[in-house]
Undergrad: 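This is the structure I have questions about; it appears just below.
Sequence lines set the chain letters: A, B, ... in the order given, protein chains first and strands last, and positions in each chain run from 1.
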Amino acid sequence: MLDTDFFRRWMTATASAVDREADRLTGLDSAIGDADHGSNMRRGFGAVTDVLEKESPGTPGAVLVLAGRQLISTVGGASGPLYGTLLRRTGKALGDAAEVSLDELAEAFGAGVAAVAQLGGAKAGDKTMLDALLPAVEALGESVGAAGDAALAGALATVPLRARKGRASYLGERSIGHEDPGAASAALLVAALAEAAGTGDGGRA
Amino acid sequence: MLDTDFFRRWMTATASAVDREADRLTGLDSAIGDADHGSNMRRGFGAVTDVLEKESPGTPGAVLVLAGRQLISTVGGASGPLYGTLLRRTGKALGDAAEVSLDELAEAFGAGVAAVAQLGGAKAGDKTMLDALLPAVEALGESVGAAGDAALAGALATVPLRARKGRASYLGERSIGHEDPGAASAALLVAALAEAAGTGDGGRA
Amino acid sequence: MLINVPETVVADALRGIAAAHPDLTVDVENRLVVRRDAPVAGKVGLVSGGGSGHEPLHAGFVGPGMLSAACPGEVFTSPVPDQMVRAAAAVDSGAGVLFVVKNYTGDVLNFDMAAELAEDEGVRVARVLVDDDVAVADSTFTAGRRGTGATLFVEKIAGALADEGAPLEQVEAVARRVNESSRSFGVALGAVTTPAKGSPTFDLPPGELELGIGIHGEPGRERRPMMTSGEIADVAVHAVLDDLRPTGPVLALVNGMGATPLLELYGFNAEVRRVLSERGVPVARTLVGNYVTSLDMAGCSVTLCQADEEMLRLWDAPVRTPALRWGR
Amino acid sequence: MLINVPETVVADALRGIAAAHPDLTVDVENRLVVRRDAPVAGKVGLVSGGGSGHEPLHAGFVGPGMLSAACPGEVFTSPVPDQMVRAAAAVDSGAGVLFVVKNYTGDVLNFDMAAELAEDEGVRVARVLVDDDVAVADSTFTAGRRGTGATLFVEKIAGALADEGAPLEQVEAVARRVNESSRSFGVALGAVTTPAKGSPTFDLPPGELELGIGIHGEPGRERRPMMTSGEIADVAVHAVLDDLRPTGPVLALVNGMGATPLLELYGFNAEVRRVLSERGVPVARTLVGNYVTSLDMAGCSVTLCQADEEMLRLWDAPVRTPALRWGR
Ligand SMILES: Nc1ncnc2c1ncn2[C@@H]1O[C@H](COP(=O)(O)OP(=O)(O)O)[C@@H](O)[C@H]1O
Ligand SMILES: Nc1ncnc2c1ncn2[C@@H]1O[C@H](COP(=O)(O)OP(=O)(O)O)[C@@H](O)[C@H]1O
Ligand SMILES: [Mg+2]
Ligand SMILES: [Mg+2]
Ligand SMILES: [Mg+2]
Ligand SMILES: [Mg+2]
């Protein structure tokens with residue numbers, strides 16, 4: 001089972017990954033966007049780490065709801081409301097449970113990703129974070145490691161796509177040939193699950 | 001003796017030289033000034049050529065007075081009033097004569113250069129056009145060729161000087177190591193005398 | 001770049017705005033710029049905002065006759081809902097608040113969240129989307145047309161109507177009408193350097209330009225060898241007119257992207273005017289300057305608004321903000 | 001560059017100014033920008049001018065409350081006497097004309113020639129030299145201090161007094177007083193590209209800056225590794241204050257050189273204000289923006305004027321020009 005501490009570790013691992021990869025994310029966003037995705041994510045998850053330390057929420061759901069709210073209040077841009085909604089809705093779906101199973105997490109995460117799709121109006125293949133998140137939902141029932149792999153593959157698969165949503169869509173054909181920055185950060189978020197679970201155990205809790 | 005046509009040829013030869021060397025003059029001015037000396041001189045002597053064709057002044061003095069006035073009306077900057085005064089005062093000193101000797105030209109040119117010194121308040125060694133003009137006055141009694149050589153040597157000798165007048169003076173020590181653009185264009189003006197006199201004859205009329 | 005560290009660029013600017021403009025209340029911590037006399041009794045509040053880096057938009061347009069408050073986000077990043085909720089509370093006199101939102105996914109999502117929260121707190125909120133950039137096709141293949149230069153027209157004209165005491169529905173309606181009557185097209189002659197990235201966001205060699213750019217340093221729709229001012233005016237004005245098809249006089253904004261000298265911009269205005277007169281379009285008013293910018297981008301944009309009598313009257317009405325000021 | 005060909009840049013801009021500003025009379029051929037209502041009966045005329053490339057200076061300051069006419073030269077080249085003679089004739093109502101001349105050899109020589117010619121034609125002419133740039137020592141080793149940001153203060157304040165109907169001697173005196181009370185210091189973060197040259201006038205690599213620059217793309221007095229906004233404010237404000245030694249409140253112009261984003265300029269203003277308050281100097285008014293520019297130069301300058309009551313009253317007086325407009 002995954003306890004509250006697992007979810008805190010997930011958030012801190014994401015914060016470290018995003019901090020480490022911020023320049024790469026901004027670089028991707030500078031090719032087909034406005035060169036701020038790295039600093040957006042770093043600012044947001046930095047704030048998430050801070051607030052989790054200060055407020056110590058007591059359940060998995062509460063960790064994610066608080067993290068999501070914090071993203072909404074600190075990130076801005078397209079990714080703030082979208083990632084904020086992802087975590088908030090996932091957290092809400094987890095309810096008040098003190099521990100959750102991987103299957104429960106997979107289901108809740110599915111609800112979170114669906115909320116992202118609804119809020120942003122994007123679907124698979126539009127070259128957005130959804131292209132990393134949707135395959136992750138599928139694989140998460142299997143293991144957190146599989147989810148990480150699926151998200152990464154999904155992110156890389158955005159390279160040949162033409163963007164239909166977000167800022168990259170303004171480029172039309174010229175958006176082809178670049179990895180979507182939001183898909184790349186989503187892959188980091190999902191990969192952090194495996195890290196939170198402890199290396200190599202695949203997270204089958 | 002130097003007739004009216006000689007003075008027209010002097011002006012057209014200067015115009016061609018300035019046109020040909022405009023980029024070099026602007027380059028010099030961009031190192032220690034504001035990168036406009038080449039276009040200033042080109043615009044001015046282009047206008048001089050035009051007005052001499054249109055108005056056909058009938059004496060050497062009239063050619064130079066008209067040319068000088070035209071420079072004042074079309075160049076602007078520091079070089080417009082200075083070169084304009086140089087030619088106007090030289091022309092005035094020549095009076096109404098239909099032809100003038102080289103000695104008369106040398107004396108009149110000396111008066112023109114003195115007027116430049118008075119107007120601009122500069123003296124030898126201040127790193128200005130005077131550093132080419134003053135040696136030219138000295139050598140002009142000998143031959144136009146000697147004057148050209150003296151002006152060129154004077155222009156090159158401005159390289160190690162520190163500017164005390166004009167825009168280059170703002171640079172202080174940093175003006176050292178560059179040729180003064182106005183001295184370089186003055187050398188072109190004086191060299192054009194030999195061209196007007198016909199190649200190789202040294203202008204001893 | 002003239003900055004301390006990238007992280008404090010927006011806060012530093014807000015402190016500088018506070019120091020320069022005693023008519024504005026600046027809340028540096030919560031990132032708000034508000035008319036000092038807000039809320040004005042009986043007046044609809046006008047709130048806008050967006051990523052920073054487009055100055056004087058929006059903070060430079062706060063004051064009598066234009067915006068009640070502006071919410072600056074990080075550079076090129078839309079603000080967070082908390083800012084707009086606070087702004088709405090600060091400017092609402094009970095007559096309601098209009099959010100002027102440029103059409104970008106981030107701005108739309110954050111303003112929508114803010115509208116929901118503000119309404120929960122009892123503020124009546126209407127929203128107008130600005131989407132004037134004809135370089136982007138409004139289709140299922142894009143996030144829709146970007147909001148650019150028309151934002152200035154919307155804020156000025158709706159702001160004037162709000163100052164006259166018109167109710168929220170009318171202010172919203174005129175804002176929508178201005179947007180529907182406006183189109184823009186932009187060109188970049190050089191790329192942008194954002195504080196966070198510290199180097200140009202894309203590579204634009206000297207002899208080339210980008211057609212159909214936005215205001216966030218994103219590349220345009222097409223790259224071309226350098227064109228003259230006249231050729232650029234041809235492309236931009238034809239693109240705007242072919243979409244707008246005006247039947248009467250227009251308001252023209254000939255806008256610099258930030259690093260284009262005013263000398264060149266005025267020369268460009270002469271070419272814009274030439275194309276308009278070739279197409280038989282009369283010009284009622286012209287504004288030339290760096291108003292809706294993209295940091296240090298070299299380039300320009302043209303925005304035209306087919307203005308009816310009411311719009312012109314409201315355009316001419318007094319305004320007193322840091323960047324637009326006339327009539328009082 | 002957003003131009004047609006280098007040769008027509010100034011004429012193109014004048015056509016664009018004419019199209020944008022119906023309040024101004026623009027003579028493209030003779031290179032004059034004049035208040036439409038000139039000459040104003042009984043009013044002293046105010047004429048300024050200089051090389052182009054510093055816009056909005058000077059043409060953007062023509063109008064009620066400021067200049068009567070502006071004479072734009074070629075880019076960075078002072079105008080020719082013919083322009084000032086024409087301008088003087090156009091604005092003289094019999095009360096005489098004040099020439100506001102920035103201290104550069106070229107401007108001084110051309111304006112002096114013009115003054116002589118205009119006086120021959122019966123116009124009473126007075127002249128004030130603006131020389132506020134503390135980066136240049138005023139000694140026998142230089143052409144004297146350059147005229148930069150203080151020009152705006154001189155034109156605004158003397159223009160306001162002229163509009164009140166004061167005689168030539170008084171307008172000249174206040175102009176001189178403003179200049180004597182003002183000092184400036186400028187910094188470049190990037191070089192200028194002039195239309196005629198087509199490439200940067202000097203080489204300034206990204207990580208470096210030039211201290212003590214003028215407004216003509218000339219290199220500065222000293223090159224340094226890049227500094228923060230706060231460090232630059234320290235250098236600039238101390239340089240100005242050490243020379244000015246004000247004993248009362250100052251007018252502050254925090255000026256962009258053309259390509260510095262307003263976002264950064266406001267952040268710089270916060271730092272300028274910090275240094276001033278560390279030195280105990282109160283600020284009466286602040287103007288932040290790109291007013292006295294150098295084409296596409298990145299950088300900034302600080303101008304401070306120790307303003308007495310009369311100067312402040314005249315600063316606040318109504319003005320209605322393309323670039324400065326308030327009070328009516
Ligand atoms: N409508 C949308 N649905 C899902 N994801 C989106 C949508 N629009 C943008 N995104 C994601 O957001 C990312 C950009 O985030 P960011 O750069 O932080 O915001 P902005 O685009 O406002 O600058 C894109 O790479 C994309 O993955
Ligand atoms: N006071 C002066 N006396 C003599 N020559 C001068 C003086 N000031 C400047 N010059 C000359 O003028 C030249 C610059 O001319 P130009 O670039 O056309 O004008 P500006 O300096 O106004 O841009 C200098 O190189 C110098 O030779
Ligand atoms: Mg982005
Ligand atoms: Mg020069
Ligand atoms: Mg963004
Ligand atoms: Mg010059």
Undergrad: Any idea which of B:Ser175, B:Pro81, B:Ala163, B:Ala78 has the most non-hydrogen atom pairs under 4.5 angstrom with chain D?
TA: B:Pro81

Undergrad: Under a 4.5 Å heavy-atom cutoff, which of D:Gly220, D:Ala137, D:Ala135, D:Pro79 has the most pairs with chain B?
TA: D:Gly220

Undergrad: Check whether B:Ser73 gets within reach of chain D through its side chain, its backbone, both or neither, counting any heavy atom under 4.5 Å.
TA: both

Undergrad: Out of B:Gly166, B:Ser39, B:Gly172, return the one with the most heavy atom pairs under 4.5 angstrom to chain D.
TA: B:Gly166

Undergrad: Is B:Ala168 close to chain D through its backbone or its side chain, or both, or neither, when contacts mean heavy atoms under 4.5 Å?
TA: neither

Undergrad: Which bit of D:Glu222 is near chain B, if near means a heavy-atom gap under 4.5 Å: side chain, backbone, both or neither?
TA: backbone

Undergrad: When heavy-atom pairs shorter than 4.5 Å are enumerated against chain B, which of D:Asp112, D:Thr142, D:Thr105 gives the highest number?
TA: D:Thr142

Undergrad: How far does CG of D:Leu152 sit from OG1 of D:Thr303, to the nearest 0.5 angstrom?
TA: 8.5 Å

Undergrad: What residue, out of B:Ser79, B:Gly77, B:Gly76, B:Gly84, has the most heavy-atom pairs lying under 4.5 Å from chain D?
TA: B:Gly77

Undergrad: For chain D, which candidate among B:Thr26, B:Val75, B:Ile72 shows the most heavy-atom pairs at distances under 4.5 Å?
TA: B:Ile72

Undergrad: When you measure from the side chain of D:Thr293 to the backbone N and O of D:Asn290, does any donor-acceptor pair fall under 3.5 Å?
TA: no

Undergrad: Taking every heavy-atom pair that is under 4.5 Å apart, which of B:Thr85, B:Asp36, B:Asp126 has the most such pairs with chain D?
TA: B:Asp36

Undergrad: Go through the atoms of D:Pro219 and report whether side chain, backbone, both or neither lie under 4.5 Å from a heavy atom of chain B.
TA: both

Undergrad: What residue in D:Thr140, D:Asp133, D:Asn110, D:Asp203 has the most heavy-atom pairs under 4.5 Å with chain B?
TA: D:Asn110

Undergrad: Under 6.0 Å from the ring centre and within 45 degrees of the ring axis: does the NZ or CZ of B:Arg162 meet both conditions for the six-membered ring of D:Phe141?
TA: yes

Undergrad: For D:Val75, which atoms come within 4.5 Å of any heavy atom of chain B: side chain, backbone, both, or neither?
TA: backbone

Undergrad: Select one option (side chain, backbone, both, neither) describing which atoms of B:Thr74 are under 4.5 Å from chain D's heavy atoms.
TA: backbone

Undergrad: Are D:Arg146 and D:Tyr104 in a cation-pi contact, defined as NZ or CZ under 6.0 Å from the six-membered ring centre and within 45° of the axis?
TA: no

Undergrad: With a 4.5 angstrom heavy-atom cut-off, is it the side chain or the backbone of B:Ala122 that approaches chain D, or both, or neither?
TA: neither

Undergrad: Under 6.0 Å from the CZ atom of D:Arg223, do we count more than 12 heavy atoms belonging to anything else shown?
TA: yes

Undergrad: Parallel under 30°, tilted from 30 to 60°, perpendicular over 60°: which one fits the rings of D:Phe76 and D:His54?
TA: parallel

Undergrad: In this structure, are over 12 heavy atoms from other groups packed under 6.0 Å from D:Glu119 atom CD?
TA: yes

Undergrad: Are D:Asp243 and D:Arg145 within salt-bridge range, i.e. N to O under 4.0 Å?
TA: yes

Undergrad: In plain terms, say whether B:Arg42 and B:Asp19 are close enough for a salt bridge, that is, a side-chain N and a carboxylate O under 4.0 Å apart.
TA: yes

Undergrad: Might you work through the side chain to side chain contact (heavy atoms under 4.5 Å, CB included) test for B:Phe6 and B:Leu193, ending with a clear yes or no?
TA: CA-CA 9 Å; B:Phe6 169 87; B:Leu193 273 173; 3.7 Å; yes

